[in-house]
Amino acid sequence: VLKDTLEKRGALGQIKARIRAEVFNALDDQSEPRPPLSHENLLINELIREYLEYNKYKYAASVLTAESGQPEVPLDRQFLAKELNIAEDANGKSVPLLYGIISHFLYRGKEESIQNNLPKASLLNYPKQNLGKPPTERNQKGR
């Protein structure tokens, strides 16, 4: 009954994730130095961390930070967007940069003919039921 109650409240998954993070931290061998973090890996890890934190995957984000050697303090979002040459509008700033990047590659056929920047829209602007469909079927309802 306790397990079912915790599961219904969503707490069981959080408890399991927290235990995994603590076990990882306890087992993490600090005596073995990590290879230096390349500029590309730093940016990739930061995109992933921003996504994880946005979706409330805080334990996964903490394990990523600990395991990768990523700085504890996140990189400034404006710096990250500038490094990746991402042009954002007000709507795009409310979601992780990774959503805009994915949106660009999913819908670039239409966008590339207009501009060479990432699209101003985010994945959250597209109907959720369309995201699982092949690209040719996604926008059929809107036409």
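Count residues from 1 along the sequence.
Although no hydrogens or angles enter the test, the distance criterion places no donor-acceptor pair under 3.5 Å between the side chain of Asn55 and the main chain of Tyr57. Between the Ser62 side chain and the Tyr59 main chain, a donor and an acceptor come within less than 3.5 Å of each other. Put simply, the side chain of Asn45 gets close to the backbone of Asn41: a donor and an acceptor are under 3.5 Å apart.
Scored by the side chain to side chain donor-acceptor pair (under 3.5 Å) test, Glu83 finds His39 as partners (sequence neighbours excluded). Applying the salt bridge (Lys or Arg N to Asp or Glu O under 4.0 Å) rule to Arg20 yields no partners; only residues at least two apart in sequence or on another chain are considered.
Between atom NZ of residue Lys16 and atom CG of residue Leu6 there is a gap of 10.5 Å, rounded to the nearest 0.5 Å. Here Ser68 contributes atom OG and Ile48 contributes atom CD1; the two are 9.0 Å apart, rounded to the nearest 0.5 Å. In this structure, CD1 in Ile15 is found 10.5 Å from CZ in Arg9, a value given to the nearest 0.5 Å. Rounding to the nearest 0.5 Å gives a distance of 12.0 Å between CG of Leu97 and CD1 of Ile102.
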Notebook entry, point to check: Between Glu7 and Lys3, is a side chain to side chain contact (heavy atoms under 4.5 Å, CB included) present by the stated rule, with each step listed?
Noted result: CA-CA 6 Å; Glu7 207 167 85; Lys3 181 182 174 191; 4.1 Å; yes
Check: Does the pair Glu88 and Arg77 meet the rule for a side chain to side chain contact (heavy atoms under 4.5 Å, CB included), with working shown?
Finding: CA-CA 11 Å; Glu88 292 188 283; Arg77 182 184 170 102; 2.4 Å; yes
Item checked: From CA spacing to verdict: side chain to side chain contact (heavy atoms under 4.5 Å, CB included), Arg49, Gln70 -> CA-CA 9 Å; Arg49 175 172 37 190; Gln70 194 80 1; 3.5 Å; yes
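Considering only heavy atoms from C-beta on, Leu84 comes within 4.5 Å of Leu47 through its side chain. Side-chain contact between Glu50 and Pro74 is absent, with no heavy-atom pair separated by less than 4.5 Å. Side-chain contact between Pro71 and Leu42 is present, with heavy atoms from C-beta onward closer than 4.5 Å.
Residues Phe79 and Val73 do not share a hydrophobic cluster, clusters being chains of Ile/Leu/Val/Met/Phe/Trp/Tyr side chains in contact below 4.5 Å. Both Leu64 and Tyr99 belong to a common hydrophobic cluster when Ile, Leu, Val, Met, Phe, Trp and Tyr are linked at side-chain heavy-atom distances under 4.5 angstrom.
The heavy-atom pair separating Tyr54 from Ser94 by the smallest distance is CE1-O, 3.4 Å.
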